[in-house]
Protein chains: 4
Amino acid sequence: MIIYRTKDRILYEALKLFSSKGIKETTIRDIAKAVGITEGAIYRHFKSKDEIVERLFSHYSEELYEVLNGALEEGEDFKGRFKNLVGSFLEYILKNPDVFRYLDIVHLLGKAQMENSDKLPMKAVYRLIEEGIREGYIREDVKYASAILVGTIDRIFMYKTMGILEDELELIKERTFSILWGCLVECRKGEDPA
Amino acid sequence: MIIYRTKDRILYEALKLFSSKGIKETTIRDIAKAVGITEGAIYRHFKSKDEIVERLFSHYSEELYEVLNGALEEGEDFKGRFKNLVGSFLEYILKNPDVFRYLDIVHLLGKAQMENSDKLPMKAVYRLIEEGIREGYIREDVKYASAILVGTIDRIFMYKTMGILEDELELIKERTFSILWGCLVECRKGEDPA
Amino acid sequence: MIIYRTKDRILYEALKLFSSKGIKETTIRDIAKAVGITEGAIYRHFKSKDEIVERLFSHYSEELYEVLNGALEEGEDFKGRFKNLVGSFLEYILKNPDVFRYLDIVHLLGKAQMENSDKLPMKAVYRLIEEGIREGYIREDVKYASAILVGTIDRIFMYKTMGILEDELELIKERTFSILWGCLVECRKGEDPA
Amino acid sequence: MIIYRTKDRILYEALKLFSSKGIKETTIRDIAKAVGITEGAIYRHFKSKDEIVERLFSHYSEELYEVLNGALEEGEDFKGRFKNLVGSFLEYILKNPDVFRYLDIVHLLGKAQMENSDKLPMKAVYRLIEEGIREGYIREDVKYASAILVGTIDRIFMYKTMGILEDELELIKERTFSILWGCLVECRKGEDPA
DNA sequence: CATGAATGAGGTTTCATTCAT
DNA sequence: TATGAATGAAACCTCATTCAT
């Protein structure tokens, strides 16, 4: 993918640097050098470093949301939607590891300004789980259920990007879905609803 | 708990600040002010800010490892050990949220120098899961199984400390154990080993 | 001489300050103030104070070498070359006392990184003396001969810059040459070669 | 030589450190560590670092003066006194290289407060040369003559301590005397007094 | 006499941001 | 739009000196 507009190249390089070194650890100069321009030029495109940080967060947070939301819309039944979401989630973050690492960093440092947004990835996950509960597939509390789903995916992402887990993407998607589906739906079937 | 030695007070305040603002975002002056001494005095106790970062990491990484390891040693059977570990894990991190947040930050920024240590929390988790697999309780691959276990706990910690999850500690321990045990052990009982 | 480029002004002022107060005793702020810029601006031109120290040393060490070497190339016979070198040496250091004092300071504090350079002033002096020995003018061992030559010049520089010696430059050149030539060449003429 | 009094041990270690690293580059802590006491203890013996610097300078400056002066008093005739002074000078500084390097550093940095002292090494050299001139041995101006004498000795010290000159002490004394005597006295014998 | 924690001033360096060109 | 020198605030760190013990 070739990015032509300077503004987009700045965002692209900033994302890579932020996610690999940290936000504070990345200087405007680092970004400028990566883009191939000088420090001053950055300020033609962004008012401040913080604006870059925020723009990146809202852009990618929304992009991931759209991906997850799209996954929900394409599935025919609940199982299909569930599988779609888990697969799309893994596919997106493993193909865009910088994005996910960056979102994590922003969260961890409490820099996320998300109050004003409806398009948070978490919302899509919640929607899926709430549907599952409403329709009797999932018996778990929504918070615990999403903790299992997102936590597991997050950890698998970590193992894969750290080189600990070596399975290929499709296999990872398959196994993760089967685990999560088994865990949240299948094995609770016979239980009394709490 | 009252800490008397300046050196320990420095570590104590640094941990709080690092975990709430980030490492780079916390200045030596912040730490000094929190402790009630001047910046220069810090350097009588630590050669550099990095030394504080490292000392905190190795100290608490090891402490958490000991907690998990202790949990493994006290359980009578596998189920007991499993329950112990999950409970101790949650109890420790929810009572010491700064520690867990700090360990996460160090990991995320890739500052961990852990090559030379055997006492990483992860090792204790692996040991439990490997035992479970060896003895037929767990059918999942060790990496996927630990991803579920640690990922779920991590996420529940996040929800609890963010105020999203309001259950009390004992209830959280109970529910988390029951979910994880069900997920990793119970509901796979009838399956054919892969 | 008016210096326009900031980088050169920094070097120029640093040399004056280093040579009058010492290197460690001169702060970046001193230099910046002398140049008329702020401390931070220095670092656009030099990575560190050490870089300034080294650049000054290698620049002036080489410049003095070129002066002495040039003197050697212009003389017609040995006596002419000898006179040229002594004269140029004195002229250069008395007109650039900061340079010579600076080179002395660097040597005395052992900061000179000269391994990789062939253009050390000493080399030119050695070349002259070795020629004198080869051609029978000088009977003294090369080390003792250069000790006399350089030591005497060094001391005369010191006396002149301290105000102890009041002769004018041309007279100093004349007398110093006559002393050194008499000492190293004339008065040994009748001796048996050792 | 074993030094028992703490005060003298401080001076002894300070001299070594100052002469090898420089004065500003040597910290009170360095000195304390070398002596085997703590920083605070230094201040029991000296009011300040400057006091150490000054005490060392006046002590060793005077000691070298006494050595040279003693040499002048022991010679029977002028030649003997000349030889004595050159030999004692070389012997003292080559056996106490730290002292001479230290005196040089103090001079170079302009820290010497010597106005109030009559016991400067230079004075002894001047006395010898003035006698030589008065009695017709030396025809050179006193400043040029002392420049030759002290400059040459200084340079030979430098070559010897840097390992460039490998002759043993007695040979160095012999050759240096013979050069300087030849240069300042012998070879001018037949000349017309200027 | 000695310790060693603490101070406080000041040093080097970094960096987001501005601005003349 | 872009450059790159400059600013100014603030970061980390050093160190002579003081002081309670």
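Numbers restart at 1 for each chain; the letters A, B, ... are given by sequence-line order, proteins then strands. Hydrogens, waters and symmetry mates are skipped; everything else that's a heavy atom, side chains included, is used.
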(message) If you compare every side-chain N and O of Thr6(A) against the phosphate oxygens of dT1(F) (OP1, OP2), does one of them come in below 4.0 Å?
(response)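 No, Thr6(A) has no side-chain N/O under 4.0 Å of OP1/OP2 on dT1(F).
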
(message) Taking NZ in Lys7(C) as the centre, count heavy atoms belonging to other residues, nucleotides or ligands within less than 6.0 Å. Is the count above 12?
(response)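 Yes, the 6.0 Å shell around NZ holds more than 12 heavy atoms from other groups.
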
(message) Suppose we define a pair by two distances each less than 3.5 Å, Watson-Crick or G-U wobble; what does dA9(E) pair with here?
(response)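 Checking every strand shown, dA9(E) finds its partner in dT14(F), with both distances under 3.5 Å.
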
(request) Could you please name the partner base of dT18(E), counting Watson-Crick and G-U wobble pairs only when both distances are under 3.5 Å? (result)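 Its partner is dA5(F) (Watson-Crick or G-U wobble, both distances under 3.5 Å).
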
(request) Check each of Ile52(D), Ile105(D), Leu17(D) against Ile23(D) using the side-chain contact (heavy atoms from CB on, under 4.5 Å) test, and report the only one that passes. (result)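 So, applying the side-chain contact (heavy atoms from CB on, under 4.5 Å) to Ile23(D) and each of Ile52(D), Ile105(D), Leu17(D), only Ile105(D) qualifies.
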
(request) Applying salt bridge (Lys or Arg N to Asp or Glu O under 4.0 Å), name anything that partners Glu63(D), two or more places apart in sequence or on another chain. (result)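 Salt bridge (Lys or Arg N to Asp or Glu O under 4.0 Å) check on Glu63(D) returns nothing, list empty.
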
(request) Enumerate the residues from residues 38-53 of chain D whose closest heavy atom to DNA chain E is under 4.0 Å, giving them by residue number; use none for an empty result. (result)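 By residue number: Thr38(D), Gly40(D), Ala41(D), Arg44(D), His45(D).
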
(message) What I want to find out is whether Asp98(B) reaches Arg101(B) closely enough, with some N-O distance under 4.0 Å, to be called a salt bridge.
(response)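 So Asp98(B) does not pair with Arg101(B) through a salt bridge.
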
(message) Just to be sure I understand the geometry, which residues of residues 14-33 of chain D put a non-hydrogen atom under 4.0 Å away from DNA chain F?
(response)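 Those residues whose heavy atoms fall under 4.0 Å from DNA chain F, taken from residues 14-33 of chain D in numerical order, are Thr26(D), Thr27(D), Ile28(D).
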
With a 4.5 Å limit on heavy-atom distance, are the side chains of [X] and [Y] in contact?
| X | Y | result |
| --- | --- | --- |
| Val53(C) | Tyr102(C) | yes |
| Ile28(D) | Tyr43(D) | yes |
| Phe18(C) | Ile31(C) | yes |

(request) First locate atom CD of Glu39(D), then atom CG of Asp30(D), and finally report the distance between them rounded to the nearest 0.5 Å. (result)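 Result: 9.5 Å between the selected atoms.
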
